[in-house]
Amino acid sequence: MKKSAGILMYRRVESEVLVLLVHPGGPFWRKRDEGAWSIPKGEYQEDEPAETAALREFAEEMGSVPEGKLQPLGELRQKGGKHVTGFALEGEFDTSALASNLFEIEWPPRSGRLQSFPEVDRAEWFALSDARRKIIDGQLPFLERLQTLYLPTIQDTNTPAD
């Protein structure tokens, strides 16, 4: 079973909460937007704590190590079967400072040529209502858990009040 761990960074701007999402790099994702974004995350082995992997993967994909206390968001199973453990972290990240690691694939297919692409080609801050449209379906519950567990006093403008 493949396991990943990642961080859903958030910040408060006046009465609004913004979350940091990343867009996957490479040719397959170039033209996709809504439903294509993710939390910064990556795979880890059974003998590595999920928290350690989440911090490492954030640093690899974003170019800096986040600071602060990770808040558990639990585990999700994505459509492809991968289990993703998420953590919330209140923090700041300058999206213009994005410095993602690279991966290589044969591109164009069957060309025999390897090309390098950034693992993450963009990072952006989104309001929760916008993030719900941008994030891949399998990670949508992380947004709901963030709001329920750590932001009970924040009202989302697109969510009716009780």
Side-chain angles (χ1 to χ4, degrees), residues 2-44 48-76 78 82-104 116-159:
K2 288 188 175 184
K3 296 177 75 167
S4 285
I7 296 173
L8 176 58
M9 185 173 276
Y10 67 97
R11 68 181 185 192
R12 300 165 202 260
V13 178
E14 296 173 14
S15 63
E16 189 172 36
V17 171
L18 302 177
V19 294
L20 182 67
L21 298 178
V22 296
H23 186 269
F28 301 113
W29 297 95
R30 187 171 288 138
K31 295 181 181 177
R32 293 195 53 202
D33 186 54
E34 290 197 2
W37 294 72
S38 173
I39 65 173
K41 65 171 182 46
E43 292 184 11
Y44 69 101
E48 182 180 21
E51 296 90 343
T52 303
L55 290 167
R56 182 193 71 245
E57 291 296 330
F58 188 98
E60 287 179 4
E61 292 189 359
M62 309 301 285
S64 68
V65 178
E67 295 182 10
K69 181 177 176 355
L70 296 181
Q71 303 163 301
L73 291 173
E75 186 177 282
L76 301 173
Q78 294 186 168
K82 183 182 286 186
H83 290 253
V84 181
T85 301
F87 297 92
L89 177 65
E90 189 166 6
E92 289 292 328
F93 180 80
D94 177 359
T95 57
S96 69
L98 178 68
S100 180
N101 57 340
L102 301 175
F103 69 96
E104 280 190 337
S116 293
F117 297 94
E119 196 167 336
V120 166
D121 62 14
R122 286 179 280 160
E124 289 185 33
W125 289 99
F126 294 101
L128 283 171
S129 56
D130 294 330
R132 285 186 179 93
R133 289 191 325 273
K134 298 288 186 177
I135 200 164
I136 63 171
D137 288 341
Q139 293 177 23
L140 183 59
F142 284 146
L143 298 177
E144 306 305 327
R145 291 175 188 173
L146 172 71
Q147 190 167 13
T148 301
L149 296 172
Y150 302 111
L151 309 172
T153 60
I154 301 291
Q155 288 295 317
D156 183 349
T157 56
N158 287 354
T159 303

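Index from 1, following the sequence.
- In this structure, the side chains of Gln139 and Trp37 stay at 4.5 Å or more apart for every pair of heavy atoms.
- To the nearest 0.5 Å, the span separating CD on Glu57 from CD on Glu43 amounts to 8.5 Å.
- Among Lys41, Glu75, Lys3, the one residue that satisfies the side-chain contact (heavy atoms from CB on, under 4.5 Å) test with Val84 is Lys41.
- To the nearest 0.5 angstrom, His23 atom NE2 is 12.5 Å from Ser100 atom OG.
- The nearest pair of heavy atoms linking Ser4 to Lys82 is OG-CD, 3.2 Å.
- Heavy-atom contacts from other residues, nucleotides or ligands closer than 6.0 Å to CD of Glu104 number more than 12.
- Scanning all heavy atoms of the two residues, the minimum distance from Tyr10 to Ala88 falls at CE2-CB, 4.0 Å.
- The CG atom of Leu146 sits 12.0 Å away from atom CE of Met9, with the distance rounded to the nearest 0.5 Å.
- Inter-residue side-chain proximity for Leu76 and Arg145 is flagged as met; some heavy-atom pair is nearer than 4.5 Å.
- With a 4.5 Å cut-off on side-chain heavy atoms, Val22 and Glu61 count as touching.
- Distance CD/Glu67 to CD/Glu92: 12.0 Å, rounded to 0.5 Å.
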Would you please test Leu73 and Phe87 for side chain to side chain contact (heavy atoms under 4.5 Å, CB included) and show each step?
-> CA-CA 5 Å; Leu73 291 173; Phe87 297 92; 5.7 Å; no
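- Considering all non-hydrogen atoms of both residues, Gly91 and Trp125 come closest at O-CH2, 3.7 Å.
- Using a 30° and 60° split on the angle between ring planes, Phe117 and Phe103 fall in the tilted class, from 30° to 60°.
- Put simply, the side chain of Tyr44 reaches to within 4.5 Å of the side chain of Thr85, judged on heavy atoms.
- Annotation: side chain of Leu20 is not in contact with side chain of Ile7 (no heavy-atom distance under 4.5 Å).
- Taking all atoms of both residues into account, the shortest heavy-atom contact from Phe142 to Gly86 is CZ-N, 3.4 Å.
- The two residues Pro72 and Leu149 have their closest heavy-atom pair at O-CD1, 4.1 Å.
- Here the CZ-CG distance, from Arg12 to Leu18, works out to 11.0 Å after rounding to the nearest 0.5 Å.
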Val19 vs Ile39, side chain to side chain contact (heavy atoms under 4.5 Å, CB included): CA-CA, chis, key distance, verdict | CA-CA 9 Å; Val19 294; Ile39 65 173; over 6 Å; no
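- Inter-residue side-chain proximity for Glu144 and Arg132 is flagged as met; some heavy-atom pair is nearer than 4.5 Å.
- Put simply, CD1 on Ile136 and CD on Gln78 are 4.0 Å apart, with the number rounded to the nearest 0.5 Å.
- Under a cut-off of 6.0 angstrom, the local environment of CG in Asp137 is sparse, with at most 12 non-hydrogen atoms contributed by other residues, nucleotides or ligands.
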Output, in order, the C-alpha distance, side-chain angles, deciding distance and verdict of side chain to side chain contact (heavy atoms under 4.5 Å, CB included) for Arg11 and Phe93.
-> CA-CA 9 Å; Arg11 68 181 185 192; Phe93 180 80; over 6 Å; no
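- The side-chain heavy atoms of Leu21 and Leu8, taken from C-beta on, include a pair separated by under 4.5 Å.
- Using a 4.0 Å cut-off between charged nitrogen and carboxylate oxygen, Glu34 and Arg133 count as a salt-bridge pair.
- With contacts defined as side-chain heavy-atom distances shorter than 4.5 Å, the pair Leu98/Asp121 does not qualify.
- Salt bridge absent: Glu124 and Lys134 never bring a charged side-chain N and a carboxylate O closer than 4.0 Å.
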So Arg122 and Asp33, side chain to side chain contact (heavy atoms under 4.5 Å, CB included) or not? Walk me through it.
-> CA-CA 11 Å; Arg122 286 179 280 160; Asp33 186 54; 4.2 Å; yes
